[in-house]
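Protein chains get the first letters and strands the later ones, always in sequence-line order, with residue 1 at the start of each.
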Number of protein chains: 2
Amino acid sequence: MMNTDYSRANLAEVLRGHGITPTHQRIEIAHALFSKMAHLSADQVLAIVNERHAETSKATVYNTLKLFVESGLVREVIVDPSKVFFDPNTDPHHHFYDIETGEITDIDAAKVSIAGLPELPPGKVAAGMDVIIRVKRAIA
Amino acid sequence: MMNTDYSRANLAEVLRGHGITPTHQRIEIAHALFSKMAHLSADQVLAIVNERHAETSKATVYNTLKLFVESGLVREVIVDPSKVFFDPNTDPHHHFYDIETGEITDIDAAKVSIAGLPELPPGKVAAGMDVIIRVKRAIA
DNA sequence: GCAGAGGTTAGACAGAGTCCAATTCTTATC
DNA sequence: GATAAGAATTGGACTCTGTCTAACCTCTGC
């Protein structure tokens, strides 16, 4: 996991480290995701980035989020139709999604196991797999 | 689980048994779902129902699928934004979704366990919970 | 500092799903 | 079988995410 320095200068280095040219817009989008350390939708990212001055277009936000997902900087969490969130925590973990409140809760990957799968020994779900458990009420 | 008689007459009875007024359109939608016993999208249901003669509107298909989900007749399987499927198999089970091929595979509910949750003893996920595991390649 | 690849942009577009007011159907009652 | 009232259906306009495009801008290596 990356360190906790969310300065623009450090974020630029993080992007370079992932082979991503650090432009203004990309740094602002990374800052929005990492400084909040929350599950954000594309729309929320767009709003945060343009809070003070409109400086980033919708197309760029979508392009950049896609790029970040491809390079492993953030994860995509799909919880509902037209509710895609981007999660800056790329440690192996999964999610509860409360279909009543819309709340998302992280679950340790080690807590989810699927029997009978050689690729996925019980007690550990392979990294990169995305387990979304939709519940009626958040269970902490 | 309901029996395997998918005649219109029997489907009408099944709908009544769930407190649903059996209209022509609803019976046709139920027939599409149960006779195929497959994961269908709203769009696919609309196409199947109007195969011979256009007789059911988009609004009705959406209304009816929502109604069926609420009354427990089918399950909603959300695999991707703008990829929602309706599953006539309401037995407790979960899904693998192959993000490369789009293929959906059923998994026995008993094979998925989440440790540390009193409501969900290991080895069995509570009915009504919906576990969607997104993988890169279908694992049978 | 230049060239050019790569990044950004506004706005048009696409597809899934929702909403609405008018119309049609179902069903309970007679 | 006719009737009335509530329930269901309809088409079309609308919304919301997300994609695409073609022109323009910016970053980087030389």
Side-chain angles (χ1 to χ4, degrees), chain A residues 8-9 11-32 39-50 53-71 73-74 76-86 99 102, chain B residues 8-9 11-32 39-50 53-71 73-74 76-86 99 102:
Chain A
R8 266 73 174 174
L11 287 170
E13 280 320 302
V14 172
L15 294 184
R16 276 204 189 83
H18 283 258
I20 296 170
T21 306
T23 65
H24 276 310
Q25 290 88 338
R26 287 171 177 176
I27 291 169
E28 286 311 307
I29 290 167
H31 185 77
H39 309 87
L40 298 177
S41 67
D43 233 40
Q44 289 175 311
V45 171
L46 183 62
I48 291 169
V49 162
N50 289 328
H53 312 288
E55 59 176 9
T56 305
S57 72
K58 188 171 60 152
T60 298
V61 168
Y62 279 100
N63 288 343
T64 302
L65 289 172
K66 193 177 172 190
L67 180 67
F68 284 4
V69 169
E70 279 164 4
S71 60
L73 209 57
V74 302
E76 213 176 4
V77 182
I78 294 163
V79 295
D80 231 336
S82 69
K83 280 193 194 117
V84 178
F85 291 88
F86 294 89
I99 60 178
Chain B
R8 266 75 173 171
L11 286 170
E13 279 321 299
V14 171
L15 294 184
R16 276 206 188 83
H18 283 257
I20 296 170
T21 305
T23 64
H24 278 311
Q25 290 87 341
R26 288 171 176 175
I27 290 169
E28 286 310 308
I29 291 168
H31 185 77
H39 308 88
L40 299 178
S41 67
D43 232 41
Q44 290 175 311
V45 171
L46 183 61
I48 291 169
V49 162
N50 289 327
H53 313 288
E55 59 175 10
T56 306
S57 72
K58 188 172 62 154
T60 297
V61 168
Y62 279 100
N63 288 342
T64 302
L65 288 172
K66 193 178 172 190
L67 180 67
F68 284 5
V69 169
E70 279 163 2
S71 60
L73 210 56
V74 302
E76 211 176 7
V77 182
I78 295 162
V79 294
D80 232 337
S82 70
K83 279 193 194 116
V84 178
F85 291 89
F86 295 89
I99 59 177

Identify the heavy atoms of [X] and [Y] that sit nearest to each other, and give their distance.
X	Y	result
A/Ala32	A/Val49	CB-CG2, 4.3 Å
B/His39	B/Phe85	O-CD2, 3.5 Å
A/Ile27	A/Leu11	O-CD1, 4.1 Å

Does [X] have a side-chain nitrogen or oxygen under 4.0 Å from the phosphate oxygens OP1 or OP2 of [N]?
X	N	answer
B/Thr21	D/dA8	yes
B/His24	D/dT9	no
B/Arg26	C/dT26	no
B/Thr23	D/dT9	yes
B/Gln25	D/dT10	yes

Taking it one step at a time, do A/Arg26 and A/Leu15 satisfy side chain to side chain contact (heavy atoms under 4.5 Å, CB included)? CA-CA 8 Å; A/Arg26 287 171 177 176; A/Leu15 294 184; 4.0 Å; yes
Rounded to whole Å, please give me the gap between [atom1] in [X] and [atom2] in [N].
X	N	atom1	atom2	result
B/Glu28	D/dT9	CD	C1'	15 Å
B/Leu65	D/dT9	CG	C1'	15 Å
A/Gln44	D/dG18	CD	P	11 Å
B/Glu76	C/dA16	CD	P	15 Å
A/Ile29	C/dT8	CD1	P	8 Å
A/Ile27	C/dT8	CD1	C1'	15 Å
A/Asn63	D/dC20	CG	C1'	10 Å
B/Asp43	C/dG15	CG	P	10 Å

Choose from [options] the nucleotide whose nearest atom is closest to any side-chain atom of [X].
X	options	result
A/Ala59	C/dA10, D/dG18, D/dT10	C/dA10
A/Tyr62	C/dG17, D/dG18, C/dT8	D/dG18
B/Thr64	C/dA10, D/dT9, D/dT28	D/dT9

Could you please spell out the steps behind the side chain to side chain contact (heavy atoms under 4.5 Å, CB included) verdict for B/Leu73 and B/Val14? CA-CA 9 Å; B/Leu73 210 56; B/Val14 171; 3.9 Å; yes
Whether the side chain of B/Lys58 and the base of D/dG11 hold a donor-acceptor pair under 3.5 Å is what I'd like checked. no
Hey, does A/Thr56 reach any base, or is it just sugar-phosphate, or nothing, if we go heavy atoms under 4.0 Å?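 If one applies the 4.0 Å heavy-atom cut-off, A/Thr56 turns out to touch the sugar-phosphate alone, with no base involved.
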What nucleic acid atoms does B/Thr60 come within less than 4.0 Å of, heavy atoms only: base, sugar-phosphate, or nothing?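 Since a base atom lies under 4.0 Å of B/Thr60, the category is base.
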If you pin B/Arg16 and B/Lys66 to their nearest nucleotides in DNA chain C, which one's is more 5'? B/Lys66
